[in-house]
Amino acid sequence: MSVAPQTVPPQAVPPQAVDVAAARPRIRPLRWVAGAVLLVLVAQFAWFLVTNPELKWPVVGRYLFDPNILRGLGMSLLLTVIAMVLGSALGVLLEVGRMSGFRPVVWACTVYVTVFRSIPPLVQLIFWFNLGYLLPRIPLGVPFGPTFVSWPTNSVISSFTAAVIGLTLHEAAYMAEIVRAGITSVDGGQRDAARAMGFTARQSFVKVVLPQAMRVIIPPTGSQFITVLKGTSLVSVIAMADLLYSVQVIYNRTYEVAPLLIVACAWYLVVVISLSLGQRRLERHFGKGQR
Amino acid sequence: MSDTPVLRVRDVRKRFGDHVALDGVSLDVHEGEVVAVIGPSGSGKSTLARCVHQLQDIDGGAMYLDGELLGYEFHRGHLRPLPDRRVAAQRGRMGMVFQQFNLFAHWTVLRNVVEAQVLIHGRRPEEARREALRLLERVGLADKADAHPRMLSGGQQQRVAIARALATNPRIMLFDEPTSALDPELVDEVLSVVLDLARGGMTMIIVTHEMSFAREVADRCVFMENGQIVESGTPEEIFDNPASPRLRAFLSRFSGRAAQTHERMQEETSS
């Protein structure tokens with residue numbers, strides 16, 4: 001056996017005395033600068049919040065749990081849930097349509113997704129709210145044939161129905177894209193295996209493909225839920241009594257604009273943070289069994 | 001025992017665009033018979049397995065399972081495709097084992113083997129569970145019943161896949177290159193399970209690259225090239241006495257037992 005050549009250590013420290021556990025951290029000057037800048041900014045902002053007379057913190061406290069505000073918050077949540085549930089269902093249907101392989105259906109679904117992803121939700125809300133100008137009565141009957149019943153549009157389309165329709169149709173287009181990404185993420189062999197076992201197309205989709213697609217579908221759906229919740233603030237333009245509208249009603253009377261907007265922001269923040277926490281738990285649940 | 005073959009494939013044609021994958025393939029598989037399909041990559045062996053299992057539509061020809069036409073029915077004197085539900089029922093009477101195992105990744109091993117029995121064949125869950133455990137025992141994996149597929153080695157996954165395919169009492173088992181995705185040291189555990197099935201009298205089609213295994217397990221070997229069955233016969237005929245130059249060329253590319261046999265045979269004929 002040959003003896004390894006002796007290397008001379010660069011420092012005069014004997015090699016056996018080196019233990020990196022005793023090393024001291026390096027000084028990082030940029031971190032100190034960033035820390036100092038942040039400290040100044042935070043201090044300045046806090047000073048602004050405390051000293052600005054227009055913020056009127058007691059007013060914020062007075063309205064935070066005001067029944068009208070809470071009703072508005074409830075309406076925002078209700079609209080979000082309805083739009084998400086109906087939108088997800090419609091989104092899955094749209095994606096099933098796009099996968100059907102039957103050309104006219106594929107086309108119809110593709111056109112729908114393209115159109116409704118392109119139109120801003122605000123424009124849609126105003127459109128649906130004003131549907132009565134375009135179509136004074138909503139008929140039910142044979143297409144191009146006799147009409148059995150018809151209803152005046154303005155009695156059917158309230159600001160609530162307009163809000164539900166607008167948000168749902170918009171949401172469905174986005175959910176279709178999300179569902180698509182989820183389904184393409186599932187290996188084709190899974191579907192093959194399901195069909196080979198004797199599952200029908202529907203059974204293999206519902207039992208095998210969709211549950212595995214959920215892992216990919218859940219995270220963007222969570223963000224989508226949050227987007228829709230914030231999107232509900234748009235319905236205030238059609239006089240729907242959501243959180244933002246309820247706040248506006250009050251500050252139009254009292255001129256306490258800033259404190260009431262803070263009330264709205266606080267509630268949006270609370271809801272979004274709780275949603276994010278819930279989303280993380282869902283992700284963990286659907287992540288099991290995956291690599 | 002009746003004369004009707006379990007599987008009858010008649011002049012089946014299949015093309016993908018310009019590529020002819022199956023060019024008039026005919027094959028009968030009788031009760032208890034084990035047919036090994038060999039041939040170079042792209043020869044159409046896997047396509048044949050997938051077409052028999054109706055995972056791919058065929059362009060022409062006909063296939064019968066126990067005398068029943070697969071995928072089509074006569075309606076007022078005309079042929080028409082069966083509805084999905086009935087095609088699914090036909091698939092449920094065959095078992096398929098894939099190269100990539102394709103175990104359902106979101107279910108435990110046990111549920112992989114239980115689910116089709118309950119869902120497709122209407123067995124009671126308790127009964128299906130007992131049957132699943134019996135099959136897992138048979139492939140030597142009863143202790144993995146509660147594991148998720150991703151925790152298992154490739155060889156173990158493939159053995160579970162075999163148990164899953166057996167769970168519905170298939171009339172015929174189709175193996176699509178069951179060991180091609182495995183590390184070499186895991187091949188034998190899978191092949192021994194397949195061999196065990198063959199000895200138990202299961203009717204099988206095995207698409208494989210394992211020549212020595214094909215020779216050992218098969219009652220009949222089929223050599224495919226360019227979408228056609230070039231030669232068919234007993235393993236001895238195929239490996240020791242290949243008639244066509246194409247089969248001879250194919251076998252000589254394989255090192256190991258098949259190629260050695262082939263060389264020995266050539267020496268014998270030349271001396």
Side-chain angles (χ1 to χ4, degrees), chain A residues 92-93 95-106 178-221 279 281-291, chain B residues 46 49-50 52-57 82-109 111-122 146-151 157 160-161 164-170 173-176 181:
Chain A
V92 172
L93 280 183
E95 183 46 30
V96 169
R98 283 199 289 190
M99 292 188 310
S100 70
F102 182 53
R103 285 274 172 74
V105 173
V106 175
I178 290 172
V179 171
R180 180 189 204 75
I183 286 169
T184 30
S185 78
V186 179
D187 181 56
Q190 294 286 313
R191 193 178 155 278
D192 276 352
R195 305 305 303 276
M197 297 301 296
F199 288 47
T200 61
R202 180 203 296 245
Q203 284 170 329
S204 61
F205 181 73
V206 172
K207 284 269 178 182
V208 174
V209 177
L210 203 52
Q212 295 190 58
M214 289 316 264
R215 190 177 54 94
V216 172
I217 291 174
I218 290 289
T221 304
Q279 179 187 354
R281 296 183 63 179
L282 267 180
E283 275 170 33
R284 263 205 302 276
H285 174 76
F286 281 103
K288 73 182 178 188
Q290 307 294 331
R291 65 220 78 142
Chain B
S46 285
R50 293 178 62 84
V52 166
H53 218 304
Q54 305 191 67
L55 293 173
Q56 248 141 15
D57 296 332
L82 286 175
D84 178 59
R85 192 173 39 80
R86 292 187 50 198
V87 174
Q90 289 181 336
R91 286 196 195 100
R93 286 154 54 197
M94 299 182 266
M96 179 103 173
V97 174
F98 297 88
Q99 187 177 343
Q100 300 293 341
F101 333 131
N102 295 345
L103 290 180
F104 302 127
H106 60 313
W107 289 340
T108 61
V109 163
R111 186 148 181 219
N112 264 275
V113 186
V114 163
E115 197 69 15
Q117 300 183 56
V118 176
L119 203 65
I120 317 296
H121 299 262
D146 295 323
H148 273 273
R150 80 197 135 108
M151 324 270 292
Q157 289 192 47
V160 173
R164 175 178 71 171
L166 287 171
T168 53
N169 294 328
M173 286 281 282
L174 306 172
F175 292 83
D176 183 10

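Worth knowing before you read on, the calculation uses all heavy atoms, side chains too, and leaves out hydrogens, waters and symmetry mates.
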Trainee: Which heavy atom of A:Ala193 sits nearest to which heavy atom of B:Phe98, and what is that distance?
Mentor: CA-CE1, 3.6 Å

Trainee: What's the separation between atom CG in B:Asn112 and atom CE in A:Met197, rounded to the nearest 0.5 Å?
Mentor: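 Going from the CG atom of B:Asn112 to the CE atom of A:Met197 covers 8.0 Å.
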
Trainee: Quick check on B:Met151 against chain A: is it the side chain, the backbone, both or neither that has a heavy atom closer than 4.5 Å?
Mentor: neither

Trainee: Let's test your reading of the structure: which of B:Leu103, B:Val87, B:Val97 forms the most heavy-atom pairs below 4.5 Å with chain A?
Mentor: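 Result: the option with the highest number of such pairs is B:Leu103.
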
Trainee: Could you state the interatomic distance from CZ (A:Arg195) to CD (B:Gln54), rounded to the nearest 0.5 Å?
Mentor: 10.0 Å

Trainee: Say whether, by atom type as modelled, one donor and one acceptor occur between the side chain of B:Asp84 and the main chain of A:Ala201 under 3.5 angstrom.
Mentor: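 A pair under 3.5 Å: yes.
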
Trainee: Given side chains that start at C-beta, do those of A:Gln203 and B:Ile120 come closer than 4.5 Å, heavy atoms only?
Mentor: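 With C-beta onward as the side chain, the pair touches.
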
Trainee: Compare every heavy atom of A:Gly198 with every heavy atom of B:Arg91, then report the nearest pair and how far apart it is.
Mentor: CB-CA, 4.3 Å

Trainee: When you look at CZ of A:Arg191, are more than 12 heavy atoms from neighbouring residues, nucleotides or ligands closer to it than 6.0 Å?
Mentor: no

Trainee: Give the minimum heavy-atom separation between B:Leu55 and A:Asp192, together with the two atoms involved.
Mentor: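 Shortest heavy-atom separation between B:Leu55 and A:Asp192 comes out as CD2-O, 3.6 Å.
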
Trainee: Sort B:Arg93 into side chain, backbone, both or neither according to what part of it lies under 4.5 angstrom from a heavy atom of chain A.
Mentor: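 For B:Arg93, there is no contact with chain A at all, as no heavy atom is under 4.5 Å.
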
Trainee: Which heavy atom of A:Gln190 sits nearest to which heavy atom of B:Ala105, and what is that distance?
Mentor: OE1-N, 3.4 Å

Trainee: Please check if the side chain of B:His106 supplies one atom and the backbone of A:Lys207 the other of a donor-acceptor pair under 3.5 Å.
Mentor: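 Indeed, once roles are kept as given, a pair shorter than 3.5 Å links the two residues.
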
